[in-house]
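See structure below.
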Amino acid sequence: MTRLSVEMLAADVPEPITSAGHAQLGIAVLAGIAVIVLLITKFKLHAFLSLTIGSLALGAFAGAPLDKVITSFSAGLGSTVAGVGVLIALGAILGKMLADSGGADQIVDTILAKASGRYMPWAMVLIASVIGLPLFFEVGVVLLIPVVLMVAKRGNYSLMRIGIPALAGLSVMHGLVPPHPGPLVAIDAVGANLGVTLALGVLVAVPTVVIAGPVFSKYAARWVDVPAPERMIPQRPSEDLERRPGFGATLATILLPVVLMLAKALVDIVIDDPEHNVQRVFDVIGSPLIALLAAVLVGVFTLGMPAGFSKERISSLVEKGLAPIAGILLIVGAGGGFKQTLIDTGVGQMILDISENWSIPALLLAWLIAVAIRLATGSATVATVSAAGLVAPLAADMSTTHAALLVLAIGAGSLFFSHVNDAGFWLVKEYFGLNVGQTIKTWSIMETIISVVAGALVLLLSLII
């Protein structure tokens, strides 16, 4: 397993913009994170503003000139948005098209028609995992909740037996599998290979979602036995459509970017010659930008047109899909600015220096940092981008697979124990008609299981590959 080492990174860490000692830098980091946490939790300030102010506070406490701190923050914000902004936008368009065309409903109905009885929790986790690939977590919850409630009501199932697998599928995809914003930002920060991260992310996700979903739901259903709340069953998007896309075409569209990115990773491993024509072709078609762009363009013909959408409606759909991600892009960008401020003030080198003689694995350190920030801020995205900035220097001499595992360790830690400072906590509580205690015994524990199981699997994989 890769251990922390100072020597391996000495040449790669940029010249710090401050000459502060380790003690002052340590206090600066704690102060910067404390400012972010306080602004988000106590003053309910938007995460974008909180991260911006926290970055300035970090620089000020570290004794760095504020003009250079602003330059570092701006550079980090710009490079992060440049690296992942377009990908987030394309993912949002694909998700909107999937929802509004009725493609998501088609997948749901087709799988549910073939599942019954004890197989229903497994059907729900499959649905959530497939639909969760291109959708943001909150969108996936809103899309799947009507299905969960209807299945529980019509089939007389325990709400938790059906709901927990669906939530687990969405949450695991959100934390571990690109092209979700968190994993994308971490990949960009540590310089990991997206295709390898995607492949290993799926490998970790499968057993994690099984344990946290269908298996845990048996116990959750015993602890919290509540009926599906009638008032929370909203209209499904496809109920207003005369027709909707086919199951095969919808599934192929969703999986297209995944297949292209995995194919690139496989070709890179098999051929390993940047000048080889085949590898050059796959480097293009398997790049995240081209893979997601291809899925969006294909989706126009496989999702939009079969649903009877006109060119004007498809154009409007794209515009509506982009609108909700403005906040996400700003948070992700500010997280990148915070990361760059951490690096430029010399915090990365400080972590390497202090931990030179530690026996703690880099992957475990990354997981613990993400857990701490997640518990404090309630945001998986803030936890991911902040932890990625802190541990990014550790990836400089890691192998391709271990850099990918570092991303997954951060993603796993960012999901730990969602509680009252997390918007997702309240979303689940209200949709399922639970009280705070019931939400903690189901949703919060499920998130913790995902985090611990995924983190353990990442550490296990690091011993093998």
Side-chain angles (χ1 to χ4, degrees), residues 87-115 120 122-151 154 166 169-170 173-174 177-180 202 233-263 285 288 290-325:
L87 306 185
I88 294 174
L90 290 172
I93 294 170
L94 181 59
K96 181 67 172 174
M97 200 176 297
L98 179 68
D100 285 11
S101 69
D105 288 343
Q106 182 67 26
I107 287 180
V108 167
D109 293 343
T110 301
I111 294 178
L112 291 183
K114 299 181 182 299
M120 193 59 72
W122 297 91
M124 292 308 302
V125 82
L126 178 61
I127 290 168
S129 298
V130 171
I131 291 180
L133 275 171
L135 294 177
F136 297 122
F137 176 79
E138 290 80 3
V139 178
V141 169
V142 172
L143 193 65
L144 280 182
I145 287 300
V147 178
V148 170
L149 298 179
M150 284 189 292
V151 169
R154 294 175 186 174
L170 288 174
M173 292 297 111
H174 173 72
V177 182
H180 285 281
V202 171
I233 304 182
Q235 185 182 31
R236 301 174 73 195
S238 64
E239 289 180 2
D240 293 330
L241 299 174
E242 294 182 4
R243 61 184 189 272
R244 60 190 188 186
F247 173 78
T250 303
L251 187 62
T253 305
I254 294 173
L255 296 179
L256 177 61
V258 177
V259 171
L260 290 177
M261 287 187 281
L262 287 178
I285 65 174
I290 298 300
L292 280 167
L293 179 61
V296 169
L297 295 178
V298 168
V300 172
F301 299 97
T302 59
L303 300 174
M305 290 186 175
F309 290 176
S310 63
K311 295 177 182 176
E312 290 76 16
R313 183 165 180 181
I314 291 174
S315 177
S316 174
L317 183 150
V318 170
E319 186 174 343
K320 290 178 180 177
L322 290 173
I325 67 167

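Please read these numbers as outputs of a predicted model, since none were measured by experiment. Just the heavy atoms: all of them, side chains too, but no hydrogens, waters or symmetry mates, feed the values below.
Residue G321 comes nearest to A92 through the heavy atom pair O-CB, 3.5 Å, listed as atom of the first residue, atom of the second, then distance. Shown here for G103 and T250, the closest heavy-atom pair between the two residues is O-CG2, 3.5 Å. Closest approach of G169 and S129 over heavy atoms only: CA-OG, 3.7 Å. Residues V130 and I254 come closest through the heavy atom pair O-CG2, 3.5 Å. Considering every non-hydrogen atom in both M261 and A291, the closest pair reads CG-CB, 4.0 Å. Here the closest non-hydrogen pair linking F247 and I107 is CD1-CA, 3.8 Å.
Rounding to the nearest 0.5 Å places CZ of R313 at 14.0 Å from CE of M305. A distance of 9.5 Å separates CE of M97 from CG of D100, quoted to the nearest 0.5 Å. Of the inter-residue distances, the one linking D109 atom CG with K114 atom NZ reads 12.0 Å to the nearest 0.5 angstrom. Taking OG1 of T253 as the start and CG of L98 as the end, the distance is 8.5 Å to the nearest 0.5 Å. Atom CG of L292 is separated from atom CG of L94 by 7.5 Å, given to the nearest 0.5 angstrom. In this structure, CZ in R243 is found 12.0 Å from OG in S101, a value given to the nearest 0.5 Å.
Of the options V258, L260, V259, a side chain to side chain contact (heavy atoms under 4.5 Å, CB included) to L262 is made by V258 and by none of the others.
In this structure, the side chain of S316 does not engage the main chain of E312 through any donor-acceptor pair within 3.5 Å.
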